Amino acid sequence: MHFKYVVVGAGLAGLTIAERIASEKGEKVLVVEKRGHIGGNVYDSYNDDGILIHNYGPHIFHTNDREVYKYLSRFTKWNDFWHRVLTMVDGNPIPMPITLETINKLYHCSMTPDEMKQFIAERAVPIEEIKTSRDVALSKVGEEIYQKFFESYTKKQWGIDPAEIDTSVISRIPLRFNRDTRYFTDKYQGMPRYGYTKMCESMADSDKIKLLLNTDFEEIRDDITYDTLIYTGPADEYFHYKHGKLKYRSVGFVFETHDCESYQDAPVVNYPNDYDYTRITEFKKMTWQENKKTTILKEFPGEGDEPYYPFPTPDCKAQFALYQEEMKKEKNVYFLGRLAEYRYYNMDAAVRRALDLYEEKLR
Ligand code: FAD
Ligand code: UDP
């Protein structure tokens, strides 16, 4: 069977491109998705107790990209939400990222912003060339804070030492000399009012978009032809692993429902130094849902089958570069999104990439 446009993957990247093709170009598009639902990793659903959970880990939308925010606002209203995270250090819940509040709470003192600057400057390790995530943290906050907040968490999350990890990973966490304890400071932040799945359903709501769920592209690859393919699955899979399997970090998600209204004091509590999980999310604290019970999620990073995080090491980047060379040889195939581009994209970046691809190549 022949199709003009085929999109592999119904995550945010795939849905954005499909929506553009259908509504802007007015063309039909086939979206092939191997899971039984759309939305990719932003998928959310109601559990047996009627609580809205994020099935693939906590998702908080935040961006400085007004165009992306406006684009997604066509498909959802937003509940204003500023994400806050506590991290359990020395048995105490302490605000994360590192701010004046963190330092004051950690050292039981009441420094001013200037005192904190001096305090940090005395401890920051001078590193000439910042090459790894360890360098980033040590040069910003020094040995003690690095060990308490970053070292073990990062080892747990990635299974390797921060000294082996690209600078971009720990650089995601800011250092602030003020009392702003928000996890993100982007201009636009929020939660889709009726959930991410509803937002995604609205994006796919067109008679020009044909969704084929529960279908691995590999199963139908030889049975279909197309003028243009937009592929958002894992890069190595597309090329049948000819340059070896790319490493992606997986996570085991364990949900628990507790018979109490509130479980913890913040939407997310990190456990850098204890337990095998990295963090606990309590969904009601993100959605403001009312329910006598509450559902939490513990994340156990590991090497499972489901690829969630592209692996941030120089070796993996080099291996991916081999696949990038293969991509250049493909005709009328575009590789898009977190898995295909092997990039640690947030939601807004995945949508931005799709909007740009549409404008630059498909319009
Ligand atoms: P995906 O969502 O991975 O979609 C790819 C789709 O392709 C999937 O549905 C997959 O099933 C399908 N697929 C793969 N292979 C095939 C195949 N062979 N055939 C058919 N279908 C296939 N971002 C934020 O902005 N804020 C957050 O708070 C945040 N939290 C996160 C927490 C976790 C635990 C994770 C893992 C990610 C988080 N993200 C967050 C990132 C966010 O999930 C991604 O930016 C976004 O989902 C990327 O969309 P995508 O379409 O590129 O990829
Ligand atoms: N990180 C850390 N301690 C924390 C939180 C994060 O060391 O308490 C590091 C860790 O390496 C993590 C990275 O910072 O992978 C990025 O954190 P973020 O919260 O952005 O991770 P995500 O939500 O993408 O899993």
Side-chain angles (χ1 to χ4, degrees), residues 6-17 31-43 54-63 68 83 85-89 94 96-98 133-134 136-137 146 148-158 160 162 165-166 168-174 183-184 186 189 191 196 200 212-221 231-235 237-238 248-251 253 267-273 278-279 281 286 297 299 301 306-310 312 336-341 343-354:
V6 174
V7 174
V8 176
L12 267 187
L15 288 178
T16 302
I17 206 80
V31 180
V32 184
E33 168 55 58
K34 73 175 177 188
R35 292 176 179 165
H37 58 75
I38 62 169
N41 289 338
V42 312
Y43 175 72
H54 295 178
N55 299 58
Y56 303 97
H59 278 74
I60 298 98
F61 181 77
H62 58 101
T63 190
V68 165
H83 189 40
V85 174
L86 293 172
T87 187
M88 281 299 203
V89 170
I94 295 181
M96 187 71 183
I98 312 292
S133 268
R134 181 172 184 270
V136 170
Y146 167 66
K148 285 183 188 289
F149 291 84
F150 294 102
E151 189 177 34
S152 308
Y153 187 105
T154 301
K155 278 187 186 162
K156 228 194 284 187
Q157 173 67 26
W158 299 100
I160 55 173
I165 294 179
D166 191 80
S168 58
V169 174
I170 285 186
S171 300
R172 287 168 63 90
I173 311 296
Y183 204 63
F184 309 111
D186 302 47
Q189 309 191 28
M191 286 290 183
Y196 288 98
C200 290
L212 196 55
L213 297 180
N214 296 305
T215 308
D216 192 319
F217 176 59
E218 289 303 319
E219 287 170 34
I220 59 162
R221 194 167 179 167
Y231 182 85
T232 75
E237 193 181 302
Y238 179 90
Y248 292 89
R249 189 69 170 160
S250 200
V251 183
F253 296 115
V268 169
V269 177
N270 290 353
Y271 290 83
N273 308 311
T278 45
R279 58 187 178 190
T281 299
M286 293 178 172
L297 166 64
E299 290 176 57
E306 202 59 50
Y308 291 120
Y309 292 87
L336 177 71
R338 183 148 152 147
L339 298 175
E341 295 182 75
R343 293 280 298 270
Y344 197 164
Y345 284 144
N346 286 331
M347 288 180 272
D348 61 331
V351 172
R352 163 51 63 197
R353 287 285 304 133

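Atoms within a ligand are numbered from 1 in the order they appear, just like the ligands themselves. For reference, positions follow the sequence shown, starting with 1. Keep in mind that what you see is a predicted model, and the values were worked out from it rather than measured.
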I need the atoms of ligand 1 closer than 4.0 Å to a non-hydrogen atom of G233, numbered in the order shown. 14 (C), 15 (N)
Lys NZ or Arg CZ of R338 over Y309 ring: under 6.0 Å, within 45°: yes
Quick one: CG on L213 to CD1 on I38, what's the gap to the nearest 0.5 Å? 7.5 Å
Between the CE atom in M96 and the OH atom in Y183, the distance rounded to the nearest 0.5 Å is 5.5 Å
Supply the atom-to-atom distance N270 CG to F149 CZ, rounded to the nearest 0.5 angstrom. 10.5 Å
Nearest neighbour in protein (non-hydrogen) for atom 40 (C) of ligand 1: H59 CD2, 3.5 Å
Would N346 and R352 count as a side chain to side chain donor-acceptor pair (under 3.5 Å) if you check the C-alpha gap in whole Å, the side-chain angles of each, and the deciding distance to 0.1 Å? CA-CA 10 Å; N346 286 331; R352 163 51 63 197; over 6 Å; no
Specify the closest pair of heavy atoms between M286 and P58, including all atoms of both residues, with the distance to one decimal. CE-CB, 3.6 Å
Taking the non-hydrogen atoms of E237, is any one of them nearer than 4.0 angstrom to ligand 1? yes
Smallest separation among heavy atoms of A13 and G337, with atom names: CB-CA, 4.0 Å
Among G57, P307, P58, the residue with a heavy atom nearest to atom 30 (N) of ligand 1 is P58
Considering non-hydrogen atoms only, spot the tightest contact between Q157 and P301 and give its length. O-CB, 3.5 Å
R279: numbered ligand 2 atoms lying under 4.0 Å from its heavy atoms: 22 (P), 23 (O), 25 (O)
For ligand 1, which atoms sit closer than 4.0 Å to a heavy atom of V42? 47 (O)
Search all heavy atoms of K156 against all heavy atoms of P272 and return the closest pair with its distance. CE-O, 3.5 Å
Quick one: look up the protein heavy atom nearest atom 18 (P) of ligand 2 and list residue, atom name and how far away it is. Y183 OH, 3.8 Å
Separation of E341 CD from T232 OG1 (nearest 0.5 Å): 10.0 Å
Enumerated ligand 2 atoms positioned under 4.0 Å from heavy atoms of Q157: 15 (O)
Ligand 2 to V169, heavy atom cutoff 4.0 Å, flagged ligand atoms 11 (O), 13 (C), 14 (O), 15 (O), 16 (C)
In Å and rounded to the nearest 0.5 Å, what is the CD to CZ distance from E299 to F253? 5.0 Å
Mark the output for F61 as yes if a heavy-atom distance to ligand 1 is under 4.0 Å, and as no if none is. no
So the atoms of ligand 1 within less than 4.0 Å of a heavy atom of P234 turn out to be 14 (C), 15 (N)
Among V7, V6, L212, side chain to side chain contact (heavy atoms under 4.5 Å, CB included) partner for V31: V7
Under 4.0 Å from any heavy atom of M96, which atoms of ligand 2 are there? 4 (C), 8 (O)
Output, in order, the C-alpha distance, side-chain angles, deciding distance and verdict of side chain to side chain contact (heavy atoms under 4.5 Å, CB included) for T281 and H54. CA-CA 10 Å; T281 299; H54 295 178; over 6 Å; no
List every atom of ligand 1 that sits less than 4.0 Å from any heavy atom of Y56, numbering the atoms from 1 in the order shown and giving each element. 33 (C), 34 (C)
Among L213, V31, I60, whose heavy atom sits nearest atom 26 (N) of ligand 1? I60
Smallest separation among heavy atoms of D166 and S133, with atom names: O-OG, 2.7 Å
For ligand 1, the portion of D216 having any non-hydrogen atom under 4.0 Å away: both
Taking the non-hydrogen atoms of T215, is any one of them nearer than 4.0 angstrom to ligand 1? yes
Return the closest protein heavy atom for atom 2 (O) of ligand 1 as residue, atom name and distance. N41 N, 2.9 Å
Atom indices of ligand 1 within 4.0 angstrom of Y309 heavy atoms, with elements: 33 (C), 34 (C)
What atoms of ligand 2 come closer than 4.0 angstrom to any heavy atom of Y344? 16 (C), 21 (O), 22 (P), 24 (O), 25 (O)
Quick one: closest heavy-atom pair of C200 and L12, and the distance? SG-CD2, 4.2 Å
Which residue owns the protein heavy atom closest to atom 9 (C) of ligand 2, what's the atom, and how far is it? T154 OG1, 3.8 Å
Run the numbers for me: atoms of ligand 1, each under 4.0 Å from some heavy atom of V32, listed by number. 20 (C), 21 (N)
Yes or no: does Y43 have any heavy atom under 4.0 Å from an atom of ligand 1? no
For a ring pair (Phe, Tyr, Trp, His ring centres under 6.0 Å) check, start with the C-alpha distance between Y196 and Y56, then their side-chain angles and the critical distance, and finish with the verdict. CA-CA 12 Å; Y196 288 98; Y56 303 97; over 10 Å; no
Just to check, does L339 reach to within less than 4.0 Å of ligand 1 when the distance is taken from its heavy atoms? yes
To check your reading of the model: name the closest protein heavy atom to atom 20 (O) of ligand 2, its residue, and the distance in Å. R172 NE, 2.8 Å
In the protein, what heavy atom is nearest to atom 25 (O) of ligand 2, and what distance, to one decimal place, separates them? Y309 OH, 2.6 Å
Tell me the protein heavy atom at minimum distance from atom 2 (C) of ligand 2, and give that distance in Å. Y153 CD2, 3.4 Å
Which protein heavy atom lies closest to atom 3 (N) of ligand 2, and at what distance to 0.1 Å? F149 O, 3.0 Å
So which protein heavy atom does atom 15 (O) of ligand 2 come closest to, and at what separation? W158 NE1, 3.0 Å
Subset of ligand 1 atoms that lie under 4.0 Å from at least one heavy atom of Y345: 41 (C), 44 (C), 45 (O)
Quick note on ligand 2: atoms under 4.0 Å from a heavy atom of F150 include exactly 2 (C), 7 (O)
Working for side chain to side chain contact (heavy atoms under 4.5 Å, CB included), residues F150 and V169: CA-CA 11 Å; F150 294 102; V169 174; over 6 Å; no
Check: of M347, R338, H54, E341, min heavy-atom distance to atom 41 (C) of ligand 1 comes from R338
Enumerate the atoms of ligand 1 whose separation from the nearest heavy atom of G337 is less than 4.0 angstrom. 52 (O)
Among all the protein's non-hydrogen atoms, which is closest to atom 14 (O) of ligand 2, and how far away is it? I173 CG1, 3.5 Å
So which of V89, N270, I94 gets nearest to atom 8 (O) of ligand 2, if we judge by its closest heavy atom? N270
